[in-house]
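Structure first, then comments.
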Amino acid sequence: IWRVDWSGRFMGYVLAAGPAAAALSFWVGALSHPDVHSVESAGIATAVALGFALFAWWTLLRVRLELSADTIVMVNPWGTQRLPWSRVSAVSLGNWGAQFHTTDGFIYTAYALSDLAAGTRQDERYADLQRIIDAKARSGHPL
């Protein structure tokens, strides 16, 4: 399983926790001075915090690439793809991560291996993936 590197995940947590801490302080203020304006401000701060948390989770924290014995699962910001190994004809490195080429001509990209998703260099993460694919090919599993 590959995920966004520690620096990307840290940034995701900061994006989620910073506005949440601000919303919490608004609620503490609303409890100490209960009036309509304080509660309204706390509600708006909470909505903004939820928006930031959802964005951070969607684009950084949930992104991953999972390789199992028979399936590749790519969880990207734009969707989740489940691809059987039997449909993969080639694997290459693209601008947005590892690209899985299928026998029917489609290309699926794993964003978790892109330069934008992690602090580790993209070619190093791709080399790890290539070692797994080579071992799979040596064991007689069709690619």
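Predicted, not measured: the structure shown is a model, and the values here were computed from it. All heavy atoms count here, side chains included; hydrogens, waters and symmetry mates do not.
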Side chains of W85 and S68, donor plus acceptor under 3.5 Å: no
Looking at [X] and [Y], would you say the former's side chain and the latter's main chain have a donor-acceptor pair under 3.5 Å?
X: T102; Y: R87; result: no
X: S38; Y: P34; result: no
X: N76; Y: A110; result: no
X: R64; Y: R62; result: yes

Do you know the tightest heavy-atom contact between [X] and [Y]?
X: G12; Y: A56; result: O-CB, 3.2 Å
X: A22; Y: S25; result: O-OG, 2.7 Å
X: V14; Y: P19; result: O-CD, 4.0 Å

Answer yes or no: is there a side-chain heavy-atom contact under 4.5 Å between [X] and [Y]?
X: Y111; Y: W78; result: yes
X: F26; Y: I44; result: no
X: Q81; Y: F100; result: no

How many angstroms lie between atom OG of S89 and atom CG of D104, to the nearest 0.5 angstrom? 8.5 Å
Nearest-0.5 Å distance, CG of residue D35 to CD of residue E40: 9.5 Å
Quick check on the hydrophobic clustering: are [X] and [Y] connected, directly or via other members, by side-chain heavy-atom contacts under 4.5 Å?
X: V75; Y: Y108; result: no
X: L83; Y: V91; result: yes
X: F106; Y: L65; result: yes
X: V28; Y: L31; result: no

